[in-house]
Amino acid sequence: MKLTTWNVNSLNVRLPHVLEWLDANRPDALCLQETKLPDERFPLAALREAGYAAVYAGQKTYNGVAILTRLETVGEANQVVIGNPHFPDEQRRLIAATVADVRIVNGYFPNGQAPDSDKFVYKLAWLDALAHWLDEERARYPALALMGDFNITRDDADVHDPVAWRDQIHCTEAERSRLAALLQSGLVDIFRHFDPPPGSYSWWDYRQGAFRRNAGLRIDLILLTQTLAEQATACTIDRAARKREQPSDHAPVTVEIARAHGSARHDLSPRDPAP
DNA sequence: ATGGCATGACAATCATGA
């Protein structure tokens with residue numbers, strides 16, 4: 001199966017890109033961040049026309065997440081959870097759902113703005129609460145993918161200019177240690193797992209020709225539990241999406257997993273009785 | 001040190017992002 005995460009920076013603006021991208025790539029699930037749409041404006045009909053169902057949690061202007069699923073293969077997402085039960089939050093940043101037999105947790109992690117800001121305090125609290133909740137989700141759903149816009153660089157390999165970014169937002173020890181704890185708990189950073197070349201990023205500033213100069217960060221991640229990671233065959237960042245007219249500043253990140261849809265259920269189905 | 005670009009709310013700038 002194929003799973004993708006993409007911060008679209010306004011689904012309203014990017015809907016044509018998303019529809020074309022879905023048509024060209026046909027992932028089983030597409031996790032979106034920064035939809036920036038209240039639920040009543042979510043473009044369900046256009047997506048269904050493209051063969052996708054969606055579950056979503058949005059708000060006006062800021063944040064907003066969604067999980068799109070391919071109707072003809074995995075069908076609709078179920079067991080949907082919006083937000084973190086341990087962290088009451090008006091900001092729509094988290095949605096989880098079961099797709100085929102994989103638990104998908106889609107997050108738009110807080111930006112944090114600056115290490116000395118209130119927003120940074122919120123970011124760290126959000127991260128701690130996520131870790132707490134993930135322990136419970138993983139106990140319940142052993143095959144789990146945590147994916148989204150993490151707004152954290154794992155280390156300096158994810159930073160185009162580590163000197164300029166040293167101790168800046170996305171690159172602080174406080175943020176990185178929390179990401180490291182997720183990896184320490186057994187989740188696998190599946191892009192890094194395939195030993196990508198240096199200079200592999202997922203976000204580039206709109207300003208100063210940052211994409212042209214590949215002045216980027218890798219902050220959009222897919223973390224897989226061990227068994228899923230062992231079945232993964234590839235993880236790619238689609239830079240072509242960033243080259244388009246009026247692009248999102250983030251590129252889609254996709255993992256391919258050698259896993260038959262509904263295989264667990266199939267294995268459990270009763271056999272024909274012996275003659 | 002600041003803003004540079006984009007988006008949305010709102011109607012000229014301002015909040016936010018990363």
Side-chain angles (χ1 to χ4, degrees), chain A residues 5-18 21 31-43 56-66 89-94 106-127 130 147-176 178-179 191 199-222 237 239 241-253:
Chain A
T5 177
W6 192 6
N7 179 325
V8 290
N9 185 20
S10 169
L11 183 54
N12 184 44
V13 173
R14 228 67 63 197
L15 182 60
H17 286 32
V18 169
W21 199 92
C31 295
L32 301 179
Q33 304 89 36
E34 285 207 89
T35 57
K36 299 187 178 180
L37 286 174
D39 289 346
E40 62 270 20
R41 289 187 55 204
F42 193 88
Y56 46 92
Q59 64 185 92
K60 195 166 76 168
T61 311
Y62 302 118
N63 310 313
V65 285
D89 192 358
E90 310 240 314
Q91 301 186 33
R92 297 305 202 201
R93 295 183 174 277
L94 205 51
N106 173 23
Y108 173 47
F109 292 36
N111 175 297
Q113 199 164 65
D116 61 352
S117 69
D118 288 348
K119 292 193 173 74
F120 191 74
V121 175
Y122 165 79
K123 182 175 194 171
L124 299 185
W126 192 96
L127 290 167
L130 175 67
M147 48 205 293
D149 176 359
F150 282 56
N151 273 319
I152 303 172
T153 57
R154 177 171 166 180
D155 54 39
D156 284 349
D158 293 341
V159 184
H160 75 282
D161 186 346
V163 173
W165 281 89
R166 183 175 165 76
D167 296 329
Q168 300 300 305
I169 195 66
H170 310 115
C171 301
T172 66
E173 179 55 31
E175 295 160 272
R176 287 178 171 178
R178 284 162 173 84
L179 175 55
F191 184 79
S200 296
Y201 307 126
S202 66
W203 171 86
W204 303 262
D205 201 299
Y206 284 120
R207 296 166 286 193
Q208 299 188 319
F211 181 69
R212 178 174 44 74
R213 297 184 290 115
N214 195 30
L217 303 175
R218 188 177 72 101
I219 52 179
D220 299 272
L221 308 184
I222 299 175
I237 299 174
R239 295 172 52 92
R242 185 62 175 79
K243 295 176 184 167
R244 298 190 48 151
E245 191 105 355
Q246 202 176 13
S248 167
D249 42 357
H250 297 252
V253 183

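In what follows, chains carry the letters A, B, and so on, assigned in the order in which the sequence lines appear, proteins first and then strands, with residues in each chain numbered from 1. Below, all heavy atoms of this structure are taken into account, side chains as well, without hydrogens, waters or symmetry copies.
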Considering only side-chain heavy atoms of [X], which listed nucleotide, [options], is closest?
X	options	value
A:Ile219	B:dA9, B:dA18, B:dG17	B:dA18
A:Gln246	B:dT16, B:dA18, B:dT7	B:dT7
A:Lys60	B:dG4, B:dA9, B:dG17	B:dA9
A:Val13	B:dG8, B:dG3, B:dA18	B:dG8
A:Ser10	B:dG8, B:dA18, B:dA6	B:dG8
A:Tyr62	B:dG8, B:dA18, B:dT16	B:dT16

Rounded distance in Å - [atom1] ([X]) to [atom2] ([N]):
X	N	atom1	atom2	answer
A:Trp204	B:dG4	CH2	P	24 Å
A:Arg212	B:dC5	CZ	P	12 Å
A:Asn63	B:dT7	CG	P	17 Å
A:Phe211	B:dA6	CZ	P	14 Å
A:Leu221	B:dA18	CG	C1'	14 Å
A:Asp149	B:dT16	CG	P	17 Å
A:Arg41	B:dT7	CZ	P	14 Å
A:Gln208	B:dA6	CD	C1'	14 Å

Hey, is the side chain of [X] poking within less than 4.0 Å of OP1 or OP2 on [N], counting only N and O atoms?
X	N	answer
A:His250	B:dA18	yes
A:Tyr108	B:dA18	yes
A:Asn7	B:dA18	yes
A:Thr61	B:dT7	no
A:Asn151	B:dA18	yes
A:Arg207	B:dA18	no

Rounded distance in Å between the [atom1] positions of [N] and [M]:
N	M	atom1	answer
B:dG8	B:dA18	P	14 Å
B:dA6	B:dT2	P	23 Å
B:dG17	B:dG3	C1'	14 Å
B:dT13	B:dG4	P	14 Å

Inset, instruction - Would you check if the side chain of A:Asn106 reaches a backbone N or O of A:Ala66 as a donor-acceptor pair within less than 3.5 Å? - result: yes

Inset, instruction - Mark yes or no for a side-chain to base donor-acceptor pair under 3.5 Å between A:Asn111 and B:dA18, with no hydrogen or angle criteria applied. - result: yes

Inset, instruction - Inspect the contact between A:Asp149 and A:Arg93 and indicate whether a charged nitrogen and a carboxylate oxygen are less than 4.0 angstrom apart. - result: no

Inset, instruction - Look at all strands and tell whether A:Gln113 reaches a base, only sugar-phosphate, or nothing, counting heavy atoms closer than 4.0 Å. - result: sugar-phosphate

Legend entry - Partners meeting side-chain hydrogen bond (donor to acceptor under 3.5 Å, both in side chains) with A:Gln59 (sequence neighbours left out): A:Asn63

Legend entry - Student check: side-chain heavy atoms of A:Tyr108 and A:Thr35 closer than 4.5 Å: no

Inset, instruction - State, with a plain yes or no, whether a side-chain heavy atom of A:Asp167 is found less than 4.5 Å away from one of A:Glu173. - result: no

Inset, instruction - Run through A:Glu175, A:Arg176, A:His170 and flag the one making a side-chain hydrogen bond (donor to acceptor under 3.5 Å, both in side chains) with A:Thr153. - result: A:Arg176

Legend entry - Nearest-nucleotide 5' precedence on DNA chain B, A:Pro247 against A:Ile169: A:Pro247

Legend entry - Straight-line distance of A:Leu37 CG to A:Arg92 CZ, nearest 0.5 Å: 14.0 Å

